[in-house]
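For ligands, and for the atoms within them, numbers begin at 1 and follow the listed sequence. Treat the numbers as computed from the prediction; the structure is a model and nothing was measured.
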Amino acid sequence: MALIVQKYGGTSVGSVERIAAVAQRVKDWRDRGNDLVVVVSAMSGETDRLIGLAKAIQPRPSPRELDVLLATGEQVTIALLSMALEHIGCPARSYTGGQVHILTDSAHNKARIRDIDGARMRADLEAGRVVVVAGFQGVDEHGNITTLGRGGSDTSAVAVAAALKADECQIYTDVDGVYTTDPRIEPRARKLDRITFEEMLEMASLGSKVLQIRSVEFAGKYKVPLRVLSSFQEGAGTLITFEEESVEQAVISGIAFNRDEAKLTALGVPDQPGVAQKILGPISDANIEVDMIIQNIAADEATTDFTFTVHRNDYARALEILRGTCDGLGARQVTGDDRIVKISLVGVGMRSHAGIAAKMFGALAREGINIRMISTSEIKISVVVDEKYLELGVRALHDAFELDQAR
Ligand code: ASP
Ligand code: MG
């Protein structure tokens, strides 16, 4: 007998029929002798609809009131799912985040979970009930309703699994697992049976949308066994593992990409201590996150070029700030480009294999793709290329590293 936490996303509970199908799946798991806690998202499109309503009243609604509003989406699905379970003879009880004490900080719209009191859920499980919990929401120490940021139900589920020391946390979604890359870009992308936690963390942070990155961080911190699988078809999905089996470990596990990139360059800035801080300080003061940073070696020993990337939404503001800074520094010129993308190769096998970067650059060169920036970590290599090369680049790399073939 195992304790399993299942999470169903918006499309999986997108209609009354879908909710009934989820109830049947939950009941099947329970009939096989497991204890079940189910975390659900709002019905698909509902959170967007609620945000639309709020913005129709006020372009920038109060974050606190927005949370009161958004939390209703998940409250609808917990009640409907519990009714659907009871209807097929499976005792169930629904709870909002506050009711099971999902305690968060007070950062409305992007709150972080601090603690969960598992007592109430455990009592229900002992009484033979399925526990249905609203994802995406919690409550701060003053009793205010909070939400965890878009896609936050993944994190709710992992946090509940950690608090209850569940045997497995299953994330049901509309894809049947984690793929070597997005199948919409490369139809030969292959579903992975397993991926290491570190690789999943990189994939999530590099733009793969399968899991909210915070949920992966949470799973890592508390060693929650996590599985991604489809609520629309049967299958074992993808298991996120904590051990690296070096024997059959592929060198590369996947290719992630991110279209939301923009880059900015300050040309001819003085090559002196403190300049990098002077350039990036005002950017971070404006709450703009910087991703890649490259500073060239000074060609003339007096000045250098400094390039960094930001989210495309922040591009215009970052450019304005950088222009201001560079006037003060006496830089030669500021340039920028928001038609770029980042493509990343991810694999723990990179640690023990030389020549991965050369192979990657060779594959891109054969397609005539110019690399504009490069950055690496122990288990990833990222390149920035022109946006028009995204599909071609991903396919070329998928092919070069033979990711369509099973390990
Ligand atoms: N309903 C929320 C959203 O749409 C949370 C979630 O689905 O995970 O972002
Ligand atoms: Mg989601």
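Ligand 1 has no N or O atom lying under 3.5 Å from any N or O atom of Lys7, backbone or side chain. Considering both main-chain and side-chain atoms, Thr47 comes within under 3.5 Å of ligand 1 through a nitrogen or oxygen pair. For the pair Gly151 and ligand 1, the shortest N or O to N or O distance falls below 3.5 Å.
Taking every non-hydrogen atom of Arg150 and a distance limit under 4.0 Å, the qualifying atoms of ligand 1 come out as 3 (C), 4 (O), 9 (O). Applying the 4.0 Å criterion to heavy atoms of Glu74 picks out, from ligand 1, the atoms 1 (N), 2 (C), 5 (C).
Here Phe306 pairs with nothing under the ring pair (Phe, Tyr, Trp, His ring centres under 6.0 Å) rule; sequence neighbours left out. A search for side-chain contact (heavy atoms from CB on, under 4.5 Å) contacts involving Arg93 returns Tyr95, Asp124, Arg129, not counting sequence neighbours.
Judged purely by distance below 3.5 Å, without hydrogens or angles, the side chains of Thr104 and Thr146 pair a donor atom with an acceptor atom.
Between Gly9 and ligand 1 there is no heavy-atom distance shorter than 4.0 Å.
The line from CD of Gln58 to CG of Leu66 is 10.0 Å long, rounded to the nearest 0.5 Å.
With a 4.5 Å cut-off on side-chain heavy atoms, Lys7 and Val40 do not count as touching.
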